[in-house]
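The structure under discussion appears below in the form of structure tokens.
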Amino acid sequence: MPEALTLSPALPYPPQRAPDGSLTLAALPQGRLLHALARPGADAASLEPLLAALGDGSPHAVRPYAPGQWFVLGSEPLRPGEWARLTTQPGASLALSDQSHGRVRLSLDGPRARSTLARGTGVDLYETVFTPGSSAATLFGHIGIHLTCLAPERFELIVLRGFAESLWHELVTGACCQ
């Protein structure tokens, strides 16, 4: 796959900023997004090094999705042959599914990020509850997202590709940049 395609954002929109600079919405480069599922009987503690090795080493690259399930992200796409190596390890205690082309990552950053997200989701986003590293599978309005707090005023939203434009427009028209 051409590098320009895999390193470009999945949405063709430039970052949107609120007029007062308090909020920025941006589409992130595609990179890699793996869905990891623990095989039955796998010890969760023994999976941590395996999960960490799948990511790119950045903070919060491994995100809980559901019991025994994680999203593992990286800013770079998988290199040729890497997928075959990851999925053919004998005795592997993780099943992997490459979601890189099926999901889009958005960044919402700024002092108004929490209040903007609170308008569309039922997740408790209070600063002492949803701290950096916290993740939740939730809805924003009617759209399913995976929400992660990356820093006190920075969030990443993962959405199915088919809903990415709708989520973008909902964020832009509903709160971000009007």
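Linking ILVMFWY side-chain heavy atoms closer than 4.5 Å, directly or via other members, places Leu117 and Leu167 in a single hydrophobic cluster. When hydrophobic clusters are built by joining Ile, Leu, Val, Met, Phe, Trp and Tyr residues whose side-chain heavy atoms come closer than 4.5 Å, directly or via intermediates, Leu47 is not grouped with Leu73. Note on Leu11 and Val172: same hydrophobic cluster, where clusters join Ile, Leu, Val, Met, Phe, Trp and Tyr whose side-chain heavy atoms are under 4.5 Å apart, directly or indirectly. No chain of hydrophobic side-chain contacts below 4.5 Å, direct or via other Ile, Leu, Val, Met, Phe, Trp or Tyr residues, connects Leu106 to Ile158. Each of Leu139 and Trp168 belongs to its own hydrophobic cluster when Ile, Leu, Val, Met, Phe, Trp and Tyr are linked at side-chain heavy-atom distances under 4.5 angstrom.
The backbone N or O of Ser75 sits less than 3.5 Å from a side-chain atom of Asp56, completing a donor-acceptor pair. Under a 3.5 Å cut-off, the side chain of Arg32 and the backbone N or O of Glu76 do form a donor-acceptor pair. With Glu165 contributing its side chain and Phe163 its backbone, the two residues share no donor-acceptor pair below 3.5 Å. A donor-acceptor pair is defined here as one N or O able to donate and one able to accept, closer than 3.5 Å; no such pair exists between the side chain of Thr131 and the backbone of Thr128. A side-chain donor-acceptor contact under 3.5 Å links Thr173 to the backbone of His169. Distance alone, capped at 3.5 Å, places no donor-acceptor pair between the Thr148 side chain and the Ser135 backbone. Of the possible polar contacts, none joining the Arg112 side chain to the Glu153 backbone as a donor-acceptor pair under 3.5 Å is found. Arg154 contributes no side-chain N or O that, together with a main-chain N or O of Gly110, makes up a donor-acceptor pair within less than 3.5 Å.
Leu94 pairs in a side chain to side chain contact (heavy atoms under 4.5 Å, CB included) with only one of the listed residues (Val72, Leu37, Leu51, Leu34), which is Leu51.
Between Val123 and Ala136, the shortest heavy-atom contact is CG2-CB, 4.1 Å. Taking all atoms of both residues into account, the shortest heavy-atom contact from Leu96 to Ala36 is CD2-CB, 3.7 Å. Closest approach of Leu28 to Ser107, counting heavy atoms only: CD2-CB, 3.8 Å. Taking every heavy atom of both residues into account, Arg105 and Gly74 meet most closely at NH1-O, 4.1 Å.
Using a 4.5 Å heavy-atom threshold, the side chains of Thr24 and Gln16 count as separate. Side-chain atoms of Glu127 and Arg114, non-hydrogen and from C-beta on, do get closer than 4.5 Å to each other.
How far CG of Leu150 is from NE2 of His60: 6.0 Å, rounded to the nearest 0.5 Å. Atom CD1 in Ile143 sits 10.0 Å away from atom CG in Leu157 (nearest 0.5 Å). Separation of atoms CG (Leu147) and CZ (Phe130) is listed at 4.0 Å; rounding is to 0.5 Å. Considering OG1 of Thr121 and CD1 of Ile145, their distance stands at 5.5 Å, rounded to 0.5 Å. Annotation: the span from Gln30 atom CD to Ser100 atom OG amounts to 6.0 Å, rounded to 0.5 Å. Remark: Phe155 CZ to Asp109 CG distance equals 9.5 Å, nearest 0.5 Å.
Side chains of Gln99 and Ser97: a donor-acceptor N/O pair is present below 3.5 angstrom, by distance only.
Taking the six-membered ring where tryptophan is involved, the planes of Phe71 and His146 are perpendicular, since the angle between them exceeds 60° and thus also 30°.
By the 4.0 Å N-to-carboxylate-O rule, Glu156 lies close enough to Arg63 to be salt-bridged with it.
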